[in-house]
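Worksheet for the structure shown next.
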Amino acid sequence: MMTEWHPFYTALILIVLIYYSGLLIWISYHRFKDPPRQFPVPKKTESTDNPVPFEETSEETFLKIEELSETIKKTIATAFGNHYNRSELLDSLATVLRQYPSLHHFPFKAAIHELITSECEKYGPVGLRDNELKDLWQSGPDRP
């Protein structure tokens with residue numbers, strides 16, 4: 001005697017579908033029932049700093065920027081002349097930038113990054129990444 005399995009499979013599929021639908025509704029209800037107690041605080045980015053307007057930039061700051069740019073050019077030339085590897089180049093640039101803490105939050109930071117990139121490209125393809133350039137400004141020897 002042969003039984004028809006088609007109604008059995010249909011009933012089984014419907015039961016499993018109803019079970020998992022109910023489970024999904026129950027999980028989503030309990031997940032959104034209690035909102036998170038603390039919302040994550042966004043990290044402060046460079047764009048949220050209060051930059052000094054260009055017109056209010058002092059002559060002393062411009063002199064520091066010129067001095068920094070000359071020091072960066074000499075450091076990169078020395079690094080490529082002595083065949084420094086990538087980490088040694090980044091360490092020497094970080095040492096130079098740490099000597100100018102007043103320029104850390106300065107609006108010309110992007111221009112200084114561009115100077116470093118263009119000077120490195122003069123000597124060969126280095127391909128410095130944005131996060132590496134941002135890490136150069138960190139103070140202290142515990143820089144990653």
Side-chain angles (χ1 to χ4, degrees), residues 5-144:
W5 289 97
H6 182 68
F8 175 74
Y9 287 137
T10 305
L12 184 64
I13 289 172
L14 284 175
I15 290 171
V16 169
L17 186 65
I18 290 170
Y19 173 77
Y20 282 109
S21 298
L23 184 65
L24 181 65
I25 291 170
W26 184 78
I27 289 173
S28 62
Y29 171 75
H30 284 288
R31 178 176 290 168
F32 297 114
K33 180 177 151 184
D34 296 326
R37 304 220 188 278
Q38 290 181 339
F39 292 100
V41 177
K43 291 183 179 180
K44 187 175 183 181
T45 60
E46 292 178 31
S47 62
T48 60
D49 293 341
N50 295 327
V52 177
F54 182 77
E55 295 81 19
E56 296 177 15
T57 306
S58 68
E59 185 66 31
E60 178 184 324
T61 305
F62 283 118
L63 291 175
K64 284 184 180 180
I65 292 172
E66 288 179 25
E67 180 183 333
L68 174 62
S69 66
E70 290 301 318
T71 307
I72 287 173
K73 288 177 183 180
K74 290 177 186 174
T75 302
I76 293 173
T78 303
F80 279 94
N82 293 335
H83 303 290
Y84 285 5
N85 63 25
R86 184 183 193 94
S87 65
E88 291 172 333
L89 172 65
L90 291 173
D91 287 340
S92 62
L93 287 172
T95 303
V96 169
L97 291 176
R98 278 194 296 263
Q99 295 172 2
Y100 298 90
S102 61
L103 299 177
H104 178 73
H105 294 291
F106 201 72
F108 293 129
K109 198 172 184 179
I112 294 170
H113 288 177
E114 184 62 34
L115 172 70
I116 292 171
T117 304
S118 65
E119 284 297 313
C120 287
E121 287 175 357
K122 281 184 185 178
Y123 297 98
V126 177
L128 296 175
R129 297 175 196 92
D130 286 338
N131 60 347
E132 290 174 330
L133 291 173
K134 289 177 185 174
D135 288 345
L136 291 176
W137 292 89
Q138 290 183 349
S139 61
D142 60 340
R143 188 178 68 80

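All residue numbers in this chain count up from 1 along the given sequence.
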Between Thr117 and Leu133, does a side-chain contact (heavy atoms from CB on, under 4.5 Å) hold up when you go through it step by step?
CA-CA 9 Å; Thr117 304; Leu133 291 173; 3.8 Å; yes

Which donor-acceptor pairs under 3.5 Å do the side chains of residues 15-28 make with protein atoms, sequence neighbours left out?
{"residue": "Ser21", "atom": "OG", "partner": "Leu17", "partner atom": "O", "Å": "2.8"}
{"residue": "Trp26", "atom": "NE1", "partner": "His30", "partner atom": "NE2", "Å": "2.9"}
{"residue": "Ser28", "atom": "OG", "partner": "Leu24", "partner atom": "O", "Å": "3.1"}
{"residue": "Ser28", "atom": "OG", "partner": "Ile25", "partner atom": "O", "Å": "3.0"}

Kindly write out the residues that satisfy side-chain hydrogen bond (donor to acceptor under 3.5 Å, both in side chains) with Asn82, not counting sequence neighbours, or none if the list is empty.
none

Between the OG1 atom in Thr10 and the CG atom in Leu14, the distance rounded to the nearest 0.5 Å is 7.0 Å

Return the set of residues passing side chain to side chain contact (heavy atoms under 4.5 Å, CB included) with Lys122 (not counting sequence neighbours), or none when no residue passes.
Glu119

Can you measure from OG1 (Thr75) to CD (Glu70) and round to the nearest 0.5 angstrom?
10.5 Å

Partners of Lys64 by side-chain hydrogen bond (donor to acceptor under 3.5 Å, both in side chains), sequence neighbours excluded?
Ser102

Is there side-chain contact between Thr78 and Ser92, with at least one heavy-atom pair below 4.5 Å?
no

Can you name the side chain to side chain contact (heavy atoms under 4.5 Å, CB included) partners of Asn131, sequence neighbours left out?
Arg129

Do Leu68 and Gln99 have side-chain heavy atoms sitting under 4.5 Å apart?
no

Nearest atoms (heavy-atom pairs only) where Ile116 meets Ile76
O-CD1, 3.8 Å

Side chain to side chain, Leu97 and Ile72, heavy atoms closer than 4.5 Å:
yes

Return the set of residues passing ring-ring contact (aromatic ring centres under 6.0 Å, His included) with Tyr84 (not counting sequence neighbours), or none when no residue passes.
none

Run the side-chain hydrogen bond (donor to acceptor under 3.5 Å, both in side chains) test against Tyr100 and tell me which residues pass, sequence neighbours left out.
Glu67

Phe8 meets the ring-ring contact (aromatic ring centres under 6.0 Å, His included) criterion, sequence neighbours left out, with Trp5

